[in-house]
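A quick write-up on the structure given underneath.
All residue numbers in this chain count up from 1 along the given sequence. Computation of the quantities below employed the complete heavy-atom set of this structure, encompassing side-chain atoms and omitting hydrogens, waters and symmetry-equivalent molecules.
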Amino acid sequence: MQLEATQLNILIVEDNPADIYLIEDMLESFGKRIGAIYKATRMSEAKEMLRTNEVHLALLDLSLPDSFGLDSLLEITEADCRIPIIVLTGYADTETALKALNQNAQDYLVKGQFDAGLLLKSIEYSIERKKVEERILMSEEKYRQMFYRNPFPMWIYEPETFRFLEVNNAALQKYGFSRDVFLSLSINDILVSKSPMVHDGNEVLWLHRTNNGSHIIVEFASHVIPFNGGTAMQAQVNDVSEKIRLQNELVGKKQELVEAVLEAQENERKNIGRELHDNINQILTAVKLNLGLAMDHPDLQEKLLSKSIQNVAQVMDEIRKLAKELILPGNLKELGLVYSVEDLAKEMLEPQGVQRHCNIATIPRVEQSEDLKLNIFRMVQEQLCNIVKYAAASSVSIQLFEKNGQVHLHITDDGRGFDPLVKHKGVGLTNIISRAQLFSGQVTINSYPGGGCNLQVVLSLNQPNISTPNAATNLVLF
């Protein structure tokens, strides 16, 4: 139907010839604004005319030979719901006419009480009202499609009772209730706790139950909307269960890392204290005794002073080794990782009579990252310390290479080996795992009693922020 047409085609549905004549005369007085005038005295004729002609508006008498009252309006609406309808009624039937307005009639006129001017105004009003109704219907249909097809769960609820008035398909899928069951519930029925959860100090979350008994953590926002002649609240729900789980998991990983770092620091302090007390302090005590004896026994001074000088040199050497373990060697930055690791292996293994085999490739992306370079150096240092202290190995192999965008570090010894599943007092391996975690690393330990140990570390070169742990480290034990 084109309500914007320059000429209107009007259908008069009336069985009284006198009324038909009067109405037709009024319509013809509108001149070119009126196109065709169709006349029907029965409902069956009116339906046929609607089927075979383009009609823009109908003037309908509710009392016809084959139809009466509101049934006439319903029949013609079923025949063509697009056209506006003006009801023609007698004075005594105004109550029925008012009911017709509630059944989608656009206006009504009382026979004998309107002239051409009033008829024209009614036609214009009815056409505009029909346009508005169609726009509203289109808007409502668009809104319904947006509501029901929204990928987020949504519902409409009564603000006083929190009873659900409507839910969309995503809500049915998320909560697992049928539509009938959902609409028999209220928000209180799906709350696990009446009090909200507060996350990160200011984020208000709610714990909801689903049809299968599981719980989900949600956040939702709501606003007032018109609904069925009144107002209601519309809410959009966002399931943040996975987000909260990952955040909690990340907090746990960070806490584990902090604990590992603190434990490593505490053990390092103990090691330093033990070295100072059990080794350096004892040597210095011997120096003090020797110097005291030299003062009391002049005849032994040369021998005692020589011994003291040797002891002081030993203390200096011990302090130098202890300091080198604690601070970053200068040649790591100046000469690179390859030379530094080879020098470290020589210094730690050669005095113990352990043969070493180094196959260390220069990896530009490693050399460009001070953090990555330092952590690889420290991991090598940790493992070599473990080998020197516990393995009783005769041979050690160190390999460092790049493959598929990853750094591979392999350290293998032929020592006594151990059971990786048995908890050990040392924190060397823990420190290695903590450092690997900074680079989304995977640590593999292959060892058994009497079978030596093979340590494999794989680190990512694509880590966006290598100074912050943001991925769990996989540990594989054999």
Open item on the list: Donor-acceptor check, side chain of Glu158 to backbone of Glu160, threshold 3.5 angstrom: yes or no?
Closed with: no

TODO: Mind listing the closest non-hydrogen atom pair of Met43 and Ser72 along with its distance?
DONE: CE-O, 3.3 Å

Task: Min side-chain heavy-atom separation Val341-Leu400 under 4.5 Å - done: no

- [ ] Check whether any side-chain N or O of Ser29 sits under 3.5 Å from a backbone N or O of Met26 as a donor-acceptor pair, and report yes or no.
- [x] yes

TODO: Please assess Glu128 against Lys131 for the test salt bridge (Lys or Arg N to Asp or Glu O under 4.0 Å), listing each intermediate value before the final yes or no.
DONE: CA-CA 5 Å; Glu128 289 303 315; Lys131 290 180 183 179; 3.1 Å; yes

Task: Salt bridge present between Glu219 and Lys243 (N-O < 4.0 angstrom) - done: no

Open item on the list: Can you confirm whether more than 12 heavy atoms, excluding those of Lys194, are under 6.0 Å from its NZ atom?
Closed with: yes

Task: Side-chain heavy atoms of Ile376 within contact of Val457, under 4.5 Å - done: no

Open item on the list: Is it the case that atom OH in Tyr21 sees more than 12 heavy atoms from other parts of the structure closer than 6.0 Å?
Closed with: no

Task: Donor-acceptor side-chain pairing of Asn169 and Arg179 below 3.5 angstrom - done: yes

Task: Residues Arg378 and Gln381: side-chain donor-acceptor under 3.5 angstrom - done: yes

Task: Note, Val55 side chain near Met49 side chain (heavy atom, < 4.5 Å) - done: no

- [ ] Would you please classify the geometry between the Phe164 ring and the Phe182 ring as parallel, tilted or perpendicular, with 30° and 60° separating the classes?
- [x] perpendicular

Open item on the list: Looking at Asp19 and Lys111, is there a salt bridge between them, counting it only when a charged N and a carboxylate O are closer than 4.0 Å?
Closed with: yes

Task: Donor-acceptor contact present, side-chain Asn211 to main-chain Ser178, <3.5 Å - done: no

TODO: Please check if the side chain of Glu367 supplies one atom and the backbone of Leu337 the other of a donor-acceptor pair under 3.5 Å.
DONE: yes

Open item on the list: For Phe177 and Tyr175, take the angle between the two ring planes, folded into 0 to 90°, and tell me which bin it lands in: parallel under 30, tilted 30 to 60, perpendicular over 60.
Closed with: parallel

- [ ] Would you indicate whether the side-chain heavy atoms of Ser193 and Leu207 approach each other to under 4.5 Å?
- [x] no

Open item on the list: If we ignore hydrogens and angles and just use 3.5 Å, is the side chain of Asn168 paired with the main-chain N or O of Phe147 as donor and acceptor?
Closed with: yes

Task: Nearest non-hydrogen partners of His408 and Val458, listed with the distance - done: ND1-CG2, 3.6 Å

Task: Leu22 side chain reached by Asp25 side chain, heavy atoms, under 4.5 Å - done: no

Task: Heavy atoms of other groups near Glu48 CD, more than 12 under 6.0 Å - done: yes

Open item on the list: Let me confirm one number: the CE-OG distance from Met154 to Ser222, rounded to the nearest 0.5 Å.
Closed with: 11.0 Å

Task: OH on Tyr157 to CE on Met233, rounded to 0.5 Å - done: 4.0 Å

TODO: Report yes or no: does Asn53 contribute a side-chain atom to a donor-acceptor pair with the main-chain N or O of Tyr38 at less than 3.5 Å?
DONE: no

TODO: First locate atom CH2 of Trp206, then atom CD1 of Ile190, and finally report the distance between them rounded to the nearest 0.5 Å.
DONE: 11.0 Å

Task: Ile123 and Leu27, any side-chain heavy atoms less than 4.5 Å apart - done: yes

- [ ] Report yes if some heavy atom in the side chain of Arg33 is under 4.5 Å from a heavy atom in the side chain of Glu124; otherwise report no.
- [x] yes

- [ ] Locate the shortest heavy-atom distance separating Lys39 from Ile20; write the atom from each residue and the value.
- [x] CD-CG2, 3.6 Å

Open item on the list: Is it the case that the side chain of Asn9 and the backbone of Glu54 share a donor-acceptor pair, with hydrogens and angles ignored and the cut-off at 3.5 Å?
Closed with: yes

- [ ] Could you give me the CA-CA distance, side-chain angles and deciding distance for Leu74 and Gln103, then say whether side chain to side chain contact (heavy atoms under 4.5 Å, CB included) is met?
- [x] CA-CA 8 Å; Leu74 294 176; Gln103 297 291 332; 4.0 Å; yes

Task: From Thr210 atom OG1 to Gln173 atom CD, the distance as rounded to the nearest 0.5 Å - done: 12.5 Å

Open item on the list: Any side-chain to backbone donor/acceptor pair from Gln106 onto Ile85? Under 3.5 Å, distance only.
Closed with: yes

Open item on the list: So which atom in Ser447 and which in Gly417 form the shortest heavy-atom distance, rounded to 0.1 Å?
Closed with: OG-CA, 3.6 Å

TODO: Answer whether the closest heavy-atom distance between the side chains of Leu455 and Asp413 falls below 4.5 Å.
DONE: no

TODO: Tell me, yes or no, whether the heavy-atom count around Asn404 atom CG, taken from other residues, nucleotides or ligands under 6.0 Å, exceeds 12.
DONE: no

Task: Residues Ser241 and Asp239: side-chain donor-acceptor under 3.5 angstrom - done: yes

Task: Side chain Ser340, main chain Gly336, donor-acceptor under 3.5 Å - done: yes

- [ ] Any chance you could measure Leu429, atom CG, to Ile445, atom CD1, to the nearest 0.5 Å?
- [x] 4.5 Å

Open item on the list: Working to the nearest 0.5 angstrom, can you tell me the gap between Lys99 NZ and Leu73 CG?
Closed with: 13.0 Å

